[in-house]
> 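My questions all concern the structure below.
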Amino acid sequence: MPELPEVETVRLGLRAVMEGARIEALELRRPDLRFPFPEGFAARLEGRRIEGLGRRAKYLLADLDDGARVIMHLGMSGSFRIESASGAATPGVFHHPRDGRSLHDHVLFHLSGGQTVVYNDPRRFGFMDLAPGPGDAASPHLALLGIEPVGNAFDGAALLERLAGRRNPLKAALLDQRLVAGLGNIYVAEALHRSGLSPMRQAGSVTAAEAARLAEAIRTVLGEAIAAGGSSLRDHRQTNGELGYFQHAFRVYDREGEPCPSPGCHGIIERSVQAGRSTFWCASCQI
DNA sequence: AGGATACCCTGACCGC
DNA sequence: TGCGGTCAGGGTATCC
């Protein structure tokens, strides 16, 4: 799944065609994704104009002209692509031979501009929901989210405050969406390596200086990843069908056994498992 | 409190 | 070419 940079890449691509457009028809090709679609979902969207397309953590937010907000999560394998009226096939996307449409195209937004925005999700861990209005409190999905790591308020002090007193491993704390919202397995690994901190460290043991370094590393790695169009491992694509390329800039993620890329470090990248997820790190320079 | 585990689901890959 | 096992960018529930 997409983590924050992949979702932001998708948002930037979709914004150009969705903002200001009217949803002429919403085509649901099955009754559910991870959860059933909300009652009357299609009817409540049809005819509405999309006034803005935002993002909170890993959620895409479409604000409608009647005040409602569509909340979309890509799960592990969700992607959006834009089809123009010509209906040209997207490179690299499997199209079902029967109707020319991929088996996993589940939701189609038919827009007034002539384009169709297609949501594809093989694993269906993604979902869509409707909130009555803007503001995190209006949705149970957003209400408990922590600080936005690319927002202005995120710095060493803000991070230190959230880690203080926590006894769980630093990696687990950073993956907790209630503390910092938007990080996932890849970017936690990358940010910890860049800041020289061990994923095994007790979260509450991080000092003010270390928190400042970590916050800066998080901000930098997310920014670089967004600029690269995200990371494409299996499923993520930009909305024009192109791959992201930040995966080539990984320093530790999926690099078990390779030499640590830190200057002057002679360590080897290790893999271990924390909370059921792979952790990649260098025991020599991450302390 | 927080850790470990199972689960939701499909597809890719590996070894046999 | 097939088959079983394992793994995957997320989030949630449930059990200790």
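Each chain gets a letter, A, B and so on, in the order its sequence line appears, and its residues count up from 1. Owing to the predicted nature of the structure, the values given are computational and were not obtained by experimental measurement.
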> Atom CG of Leu183(A) to atom P of dG11(C): distance rounded to whole Å?
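Leu183(A) atom CG is separated from dG11(C) atom P by 10 Å.
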
> Output the rounded distance in Å from CD (Gln274(A)) to P (dG9(C)).
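Result: 13 Å.
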
> Going by salt bridge (Lys or Arg N to Asp or Glu O under 4.0 Å), name the residues that satisfy it together with Arg55(A), two or more places apart in sequence or in a different chain.
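Scan of Arg55(A) (salt bridge (Lys or Arg N to Asp or Glu O under 4.0 Å), adjacent residues dropped) gives Glu8(A), Glu148(A).
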
> Would you say a side-chain N or O of His104(A) is under 4.0 Å from OP1 or OP2 of dC9(B)?
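For His104(A), the contact criterion (side-chain N or O under 4.0 Å from OP1 or OP2 of dC9(B)) is not met.
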
> Compare the minimum distances between each of dG2(B), dG11(B), dG9(C) and the side chain of Met76(A), then state the nucleotide with the smallest one.
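Per side-chain heavy atoms of Met76(A), the pick is dG9(C).
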
> Would you mind pulling out the nucleotide paired to dG15(B), Watson-Crick or G-U wobble, both distances under 3.5 Å?
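Base-paired to dC3(C).
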
> Counting the atoms with a prime plus P, OP1 and OP2 as sugar-phosphate, which does Ser231(A) contact under 4.0 Å by heavy atoms, base, sugar-phosphate, or nothing?
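The answer is base, as Ser231(A) lies within the cut-off (heavy atoms under 4.0 Å) of a base atom.
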
> Of the nucleotides dG3(B), dA8(C), dG9(C), which has the atom closest to the Arg271(A) side chain?
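The nucleotide sitting nearest to the side chain is dA8(C).
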
> Between Phe127(A) (CZ) and dC9(B) (P), how many Å, whole number?
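My rounded result for the distance is 16 Å.
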
> Which nucleotide in the list dG9(C), dG11(C), dA8(C) gets nearest to the side chain of Arg123(A)?
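The answer is dA8(C).
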
> In whole angstrom, what separates Leu233(A)'s CG from dT10(B)'s C1'?
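Leu233(A) atom CG is separated from dT10(B) atom C1' by 16 Å.
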
> Please tell me which of Gly165(A) and Gly276(A) maps to the more 5' nucleotide of DNA chain B, matching each residue to the nucleotide holding its nearest heavy atom.
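So the residue in question is Gly165(A).
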
> Within the pair Ser278(A) and dA8(C), is there a side-chain N or O less than 4.0 Å away from OP1 or OP2?
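For Ser278(A), the contact criterion (side-chain N or O under 4.0 Å from OP1 or OP2 of dA8(C)) is met.
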
> Going by purine N1 to pyrimidine N3 plus the second Watson-Crick contact, or the G-U wobble pair, all under 3.5 Å, which nucleotide sits opposite dG9(C)?
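Paired with dG9(C), as far as the under-3.5 Å criterion goes, is no nucleotide at all.
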
> Look at the aromatic rings of Phe37(A) and Phe41(A) and report parallel, tilted or perpendicular, splitting at 30° and 60°.
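Parallel.
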
> Within the structure shown, what part of the strands sits under 4.0 Å from Arg124(A) by heavy-atom distance: base, sugar-phosphate, or nothing?
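Since only primed, P, OP1 and OP2 atoms lie under 4.0 Å of Arg124(A), the category is sugar-phosphate.
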
> Look at all strands and tell whether Tyr187(A) reaches a base, only sugar-phosphate, or nothing, counting heavy atoms closer than 4.0 Å.
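The residue Tyr187(A) makes no contact with any strand.
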
> Out of dG2(B), dG3(B), dG11(B), which nucleotide sits closest to the side chain of Pro122(A)?
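For Pro122(A), the side-chain atoms sit closest to dG11(B).
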
> Give a yes or no on whether a salt bridge exists between Glu83(A) and Arg81(A), defined as a side-chain N under 4.0 angstrom from a carboxylate O.
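Between Arg81(A) and Glu83(A) there is a salt bridge, with a charged N closer than 4.0 Å to a carboxylate O.
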
> Are Asp121(A) and Arg34(A) within salt-bridge range, i.e. N to O under 4.0 Å?
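Salt bridge flag = no for Arg34(A) with Asp121(A).
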
> In whole angstrom, what separates Leu170(A)'s CG from dG2(B)'s C1'?
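That distance rounds to 15 Å.
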
> Using whole Å, what does the distance between atom C1' of nucleotide dG9(C) and atom NZ of Lys58(A) come to?
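Rounded to whole Å, this separation is 8 Å.
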
> Are Phe125(A) and dC8(B) stacked, counting the six-membered base ring, centres under 5.5 Å, planes under 30°?
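Check passed, Phe125(A) stacks on base of dC8(B).
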
> To the nearest angstrom, how far is Asp254(A) atom CG from dG9(C) atom P?
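Between P of dG9(C) and CG of Asp254(A): 9 Å.
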
> Please determine, for the side chain of His73(A), which listed nucleotide (dG11(B), dG11(C), dA8(C)) has the closest atom?
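Between dG11(B), dG11(C), dA8(C), the one nearest the side chain of His73(A) would be dG11(C).
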
> With a non-hydrogen cut-off below 4.0 angstrom, is His236(A) in contact with a base, only sugar-phosphate, or nothing?
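Contact class for His236(A): base.
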
> Ignoring hydrogens and angles, does a donor from either the side chain of Arg234(A) or the base of dG9(C) sit under 3.5 Å from an acceptor on the other?
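Per atom types, the contact qualifies.
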
